[in-house]
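Residues: numbered from 1 along the sequence shown.
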Amino acid sequence: MTTAVDIGTLITSSPDIRGGRPIITGTGLTVRRIILWYKLGLMPEEILNRIGHPTLTLAQIYAALTYYHANREEVELDIAAEEAETKLFEQEHCKSQLIK
């Protein structure tokens, strides 16, 4: 007989880990990372294979997707903030390269 998993334990967040972003428990892998691959068109099984984490399960990938769909606005705001930060960094980097 198998033991049931409380799905509420699959995603956690802590201010000490990844800036408080939701992660797959025990991995440090952010929900945001899973969602970015998902938005690129990867299926959960493909995401699992791409990550190659030895203890990651398909259930955890689906938990990340479920978290996203239940908290879409929060995750989308996080993704948008990361993209804006990246764009600003790229602009500053390009500017500094022109000065040299």
Side-chain angles (χ1 to χ4, degrees):
M1 180 175 207
T2 61
T3 303
V5 174
D6 175 0
I7 62 170
T9 64
L10 297 177
I11 304 295
T12 58
S13 62
S14 168
D16 301 333
I17 302 171
R18 304 281 188 231
R21 289 182 176 92
I23 63 166
I24 295 175
T25 303
T27 68
L29 185 65
T30 62
V31 168
R32 178 181 67 192
R33 171 70 50 99
I34 300 298
I35 298 312
L36 290 172
W37 283 326
Y38 177 72
K39 288 177 135 190
L40 288 173
L42 274 68
M43 299 300 293
E45 294 81 3
E46 293 171 311
I47 295 169
L48 181 63
N49 291 333
R50 177 164 291 199
I51 293 170
H53 192 283
T55 62
L56 194 66
T57 67
L58 193 54
Q60 290 170 307
I61 300 294
Y62 276 105
L65 294 171
T66 300
Y67 183 92
Y68 169 68
H69 289 291
N71 301 280
R72 187 180 298 251
E73 185 177 348
E74 170 197 337
V75 177
E76 289 294 340
L77 286 172
D78 185 38
I79 290 170
E82 179 73 16
E83 288 172 350
E85 188 176 320
T86 299
K87 186 174 183 178
L88 180 62
F89 175 79
E90 288 171 348
Q91 289 172 346
E92 289 174 358
H93 179 72
C94 286
K95 216 184 278 184
S96 70
Q97 293 301 312
L98 291 174
I99 293 173
K100 291 182 180 180

- Query: Can you tell me if CD1 on Ile7 sees more than 12 non-hydrogen neighbours from other groups inside 6.0 Å?
  - Reply: no
- Message: Within the supplied structure, the quantity of interest is the number of heavy atoms (other residues, nucleotides, ligands) at a distance under 6.0 Å from Glu85 CD; does it exceed 12?
- Response: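 At most 12 heavy atoms, drawn from other residues, nucleotides or ligands, come within 6.0 Å of this atom.
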[X] versus [Y], closest heavy-atom pair with distance:
| X | Y | value |
| --- | --- | --- |
| Tyr67 | Ile11 | CD1-CG2, 3.9 Å |
| Leu10 | Ala59 | CD1-O, 4.0 Å |
| Gln60 | Thr55 | OE1-O, 3.6 Å |
| Pro22 | Ser13 | CA-CB, 4.0 Å |
| Ile47 | Tyr38 | CD1-N, 3.9 Å |
| Leu65 | Pro44 | CD1-CG, 3.7 Å |

Distance from [X] atom [atom1] to [Y] atom [atom2], nearest 0.5 Å?
| X | Y | atom1 | atom2 | answer |
| --- | --- | --- | --- | --- |
| Ile24 | Ile61 | CD1 | CD1 | 4.5 Å |
| Asn71 | Thr66 | CG | OG1 | 10.5 Å |
| Leu56 | Leu48 | CG | CG | 5.5 Å |
| Ile51 | Leu29 | CD1 | CG | 4.5 Å |

- Message: Tell me whether Asp78 contacts the main-chain N or O of Glu74 through its side chain, where contact means a donor paired with an acceptor under 3.5 Å.
- Response: no
- Task: Answer yes or no: is there a donor N or O on one side and an acceptor on the other, between the side chain of Arg21 and the main chain of Val31, under 3.5 Å?
- Result: no
- Item | Residues which pass salt bridge (charged side-chain N to carboxylate O under 4.0 Å, His left out) with Arg33, listed by chain and number, not counting sequence neighbours | none
- Task: Identify, with sequence neighbours excluded, every residue that meets salt bridge (charged side-chain N to carboxylate O under 4.0 Å, His left out) alongside Glu46.
- Result: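 In terms of salt bridge (charged side-chain N to carboxylate O under 4.0 Å, His left out), with neighbours along the sequence ignored, Glu46 is linked to no residue.
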- Message: Are Arg50 and Leu42 packed together at the side-chain level, in the sense that at least one heavy-atom pair is separated by less than 4.5 angstrom?
- Response: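 Contact flag for Arg50/Leu42 side chains = yes.
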- Message: In the structure I gave you, are the side-chain heavy atoms of Glu76 and Tyr68 within less than 4.5 Å of one another anywhere?
- Response: yes
- Do Leu88 and Ile79 share a hydrophobic cluster, counting only Ile, Leu, Val, Met, Phe, Trp and Tyr and linking them when any side-chain heavy atoms are less than 4.5 Å apart? no
- Message: For residues Val75 and Leu40: do they belong to one hydrophobic cluster (side chain heavy atoms under 4.5 Å, members Ile, Leu, Val, Met, Phe, Trp, Tyr)?
- Response: yes
- Item | Partner residues of Thr12 under the side chain to side chain contact (heavy atoms under 4.5 Å, CB included) criterion, sequence neighbours left out | Ile23, Thr25
